[in-house]
Amino acid sequence: MVMKSTLLFLSRQEKLKNFVLRFEFAQKVSRRFVSGETQEQAILAVKDMNQKGFFATLDRLGENVTNKDEASKAADDYIMLLDKINQNNVDSNVSCKLTQMGLDLDFDFCVNNVKRIVEKAKEHNNFVRIDMEDSPRTDKTLQVCFALHKDYQNVGAVIQAYLYRSEEDVRKLLEQKIRIRLCKGAYKESKKVAFQKKKEVDDNFVKLTKMMLKSGVYHGIATHDDKMIQATIDFAKKENIPKESYEFQFLYGIRRELQEDLVKKGYNVRIYVPYGDQWYPYFMRRMAERPANLFFVAKNYFRR
Ligand code: FDA
């Protein structure tokens, strides 16, 4: 628990980020969880995954931008990416974070950036998932999803099972038939807003999964946890919910055997494929989820 909190604290340290990003070794290690630095490398990774039977969602790494130029550039990159997904005929949608689109700078400007991406996705019959960040941004993030969904159906939300508010949010999203990705939640949250015990988060995850699966909307169950996956499968079987009406989602590089096993069993599996050079906070959150990953990093360091 202390290790997890420390790693999440370090994930937010700008100076440390700038220091670590300079090391070639660190870049090499990040490749365990990041597909590459360029769009071309990411598309190649998706091609490979598609051949193995997976769908993908591409994420241009980067968050908490500090000026509008950076945010506009990020939106432009997503637009280019959607064109490339189409040109290369790969099966991938995109996931984006609103703090990369300027959420903390100017709300309307941020909405406009995401709208440009969603419009391009619509042109290619594709889909945009808005990732969920830390709890001070939950309201605004959902506000953007609801606002855009009124005009574009190809946009979806993410709900974090660790937040007390999530049941109510799921209800509201389902009323509008908005597609949801359910995850446990990756940020450090206080007991004022979030369950702290794993069992409580897991119980809420199962509860929300059931609400989502019964809705008839195509949702994503995003977890590497065998118990959550089994609970989803059991519930779907009991309720005669067909395998094609939902999907499992995994992060790139995590529990590959389990990913493959689900595909073999005929389940839809989507892999979240990050790319880009701004991998530090993403990478540190992955370390926090499983501090044993630090041993993997250390092993690679001493192998050099
Ligand atoms: P849990 O953390 O309980 O882990 C269960 C088991 O999975 C572990 O025992 C271990 O075996 C394995 N495992 C989990 N994490 C691992 C890791 N990093 N490395 C190796 N093994 C690991 N969060 C968020 O706040 N906003 C978001 O938008 C998203 N988006 C998102 C998309 C997708 C596709 C996924 C899979 C996850 C997210 N997340 C996220 C992250 C999510 O909230 C959560 O932090 C991680 O998925 C870890 O939780 P698990 O459900 O895997 O369970």
Side-chain angles (χ1 to χ4, degrees), residues 1 3-4 7-8 11-12 29-30 32-35 49 54-61 63 92-100 103 128-138 141-142 144-145 156-163 165-166 169 179-189 193-206 208-209 219-232 246-259 262 268-274 279 281-297:
M1 202 60 184
M3 176 76 101
K4 183 172 181 164
L7 288 164
L8 286 175
S11 77
R12 299 190 304 272
V29 169
S30 73
R32 172 80 165 75
F33 302 108
V34 175
S35 64
M49 266 170 245
F54 301 109
F55 308 126
T57 183
L58 277 164
D59 165 54
R60 177 194 188 273
L61 289 165
E63 47 202 84
S92 180
N93 59 40
V94 296
S95 292
C96 69
K97 288 191 172 41
L98 293 190
T99 62
Q100 192 184 33
L103 184 70
V128 179
R129 174 80 60 188
I130 300 182
D131 284 347
M132 187 56 79
E133 298 175 72
D134 49 354
S135 62
R137 277 123 183 161
T138 311
T141 305
L142 290 176
V144 175
C145 288
V158 174
I159 288 291
Q160 297 153 323
Y162 62 19
L163 294 186
R165 58 175 287 166
S166 288
D169 288 333
R179 285 169 59 176
I180 300 171
R181 170 202 296 152
L182 178 66
C183 64
K184 290 193 188 179
Y187 298 82
K188 173 139 186 60
E189 299 291 357
V193 295
F195 296 109
Q196 304 293 309
K197 292 190 180 131
K198 178 170 162 60
K199 174 150 182 2
E200 292 171 328
V201 178
D202 288 358
D203 288 349
N204 202 37
F205 191 100
V206 174
L208 302 181
T209 299
H219 298 298
I221 309 298
T223 179
H224 314 100
D225 189 335
D226 299 290
K227 282 197 191 129
M228 300 301 103
I229 292 171
Q230 198 53 52
T232 306
Y246 62 98
E247 66 186 26
F248 289 109
Q249 298 186 354
F250 287 79
L251 298 177
Y252 180 81
I254 298 181
R255 304 217 59 192
R256 288 184 190 144
E257 282 170 23
L258 178 57
Q259 300 170 7
L262 286 168
N268 289 345
V269 179
R270 187 175 303 275
I271 311 293
Y272 185 103
V273 184
W279 47 263
Y282 178 88
F283 179 77
M284 291 300 277
R285 287 197 293 275
R286 304 297 76 84
M287 293 295 124
E289 280 154 10
R290 192 165 178 262
N293 284 336
L294 285 172
F295 293 109
F296 153 84
V297 171

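Here, residue 1 is the first one in the sequence, and each next residue gets the next number. Remember, it's 1-based here, ligands and their atoms both numbered in the order they're listed. These numbers were taken from a predicted model, which means no experiment stands behind them.
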Residue Tyr272 vicinity, atoms of ligand 1 by number, heavy atom under 4.0 Å: 32 (C), 34 (C)
Proximity to ligand 1 by part of Tyr187, non-hydrogen separation under 4.0 Å: side chain
Heavy-atom nearest option to atom 3 (O) of ligand 1, drawn from Arg286, Lys184, Gln160: Lys184
Polar atom proximity, Gly185 to ligand 1 (N or O, under 3.5 Å): yes
Student check: side-chain heavy atoms of Ile229 and Ile221 closer than 4.5 Å: no
Under-4.0 Å heavy-atom contact between protein and atom 8 (C) of ligand 1: no
Aromatic ring proximity Tyr246/Phe248, centre distance under 6.0 Å: yes
Atom pair CG/CZ of Asp225 and Phe205 - distance to nearest 0.5 Å: 8.0 Å
Under-4.0 Å salt bridge between Asp202 and Lys184: yes
Asp134/Arg137 ion pair, N-O < 4.0 Å: yes
Thr57-Arg181 side chain donor-acceptor pair, cut-off 3.5 Å: no
Distance from atom 45 (O) of ligand 1 to nearest protein heavy atom, with residue and atom: Glu289 OE2, 2.6 Å
Nitrogen or oxygen of Gln249 less than 3.5 angstrom from that of ligand 1: no
Numbered atoms of ligand 1 (with element) below 4.0 Å of Ala222, judged on heavy atoms: 33 (C), 34 (C), 35 (C), 36 (C)
Ligand 1 contacted by Arg181 (non-hydrogen, < 4.0 Å): yes
Ligand 1 versus Met287: contacting region, heavy-atom distance under 4.0 Å: neither
Which residue and heavy atom of the protein sit nearest atom 51 (O) of ligand 1, plus the separation: Thr223 OG1, 2.6 Å
Pairwise side-chain contact, Asn268 with Phe55, heavy-atom cut-off 4.5 Å (strictly under): yes
Protein contact of atom 21 (N) of ligand 1 - nearest heavy atom, named by residue and atom, plus distance: Arg290 CD, 3.1 Å
Side-chain heavy-atom pair Tyr272, Gln249 within 4.5 angstrom cut-off: no
Contact partition for Glu133 relative to ligand 1, non-hydrogen atoms under 4.0 Å: neither
Asp131 neighbourhood, listing ligand 1 atoms whose heavy-atom distance to it stays under 4.0 Å: 28 (O)
N/O separation below 3.5 Å, Ile254 to ligand 1: no
From Tyr252 atom OH to Gln259 atom CD, the distance as rounded to the nearest 0.5 Å: 10.0 Å
Arg165 side chain near Leu142 side chain, heavy-atom distance below 4.5 Å: yes
Identity and separation of the nearest protein heavy atom to atom 28 (O) of ligand 1: Met132 N, 3.0 Å
Carboxylate-amine/guanidinium contact Arg285 Glu63, below 4.0 Å: yes
Part of Lys198 within contact of ligand 1 (heavy atoms, under 4.0 Å): side chain
For atom 23 (N) of ligand 1, the option (of Cys183, Ser95, Pro274, Ser135) bearing the nearest heavy atom: Cys183
Residue and atom name of the nearest protein heavy atom (relative to atom 33 (C) of ligand 1), distance in Å to one decimal: Leu251 CD2, 3.4 Å
Beyond-backbone contact of Arg255 with Asp226, side-chain heavy atoms, under 4.5 angstrom: yes
Heavy-atom check, side chain of Leu61 versus side chain of Gln100, under 4.5 Å: no
Top protein contact for atom 52 (O) of ligand 1, by heavy-atom distance: His224 ND1, 2.8 Å
Residue, atom name and distance, where the atom is the protein heavy atom closest to atom 11 (O) of ligand 1: Arg255 CD, 3.9 Å
For Phe250, the ligand 1 atoms whose distance to one of its heavy atoms is below 4.0 Å: 34 (C), 36 (C)
Any N/O pair Val158/ligand 1 closer than 3.5 Å: no
Closest protein heavy atom to atom 19 (N) of ligand 1, given as residue, atom name and distance to 0.1 Å: Asn293 ND2, 2.9 Å
Asp59 bridged to Arg129 by N-O distance under 4.0 Å: no
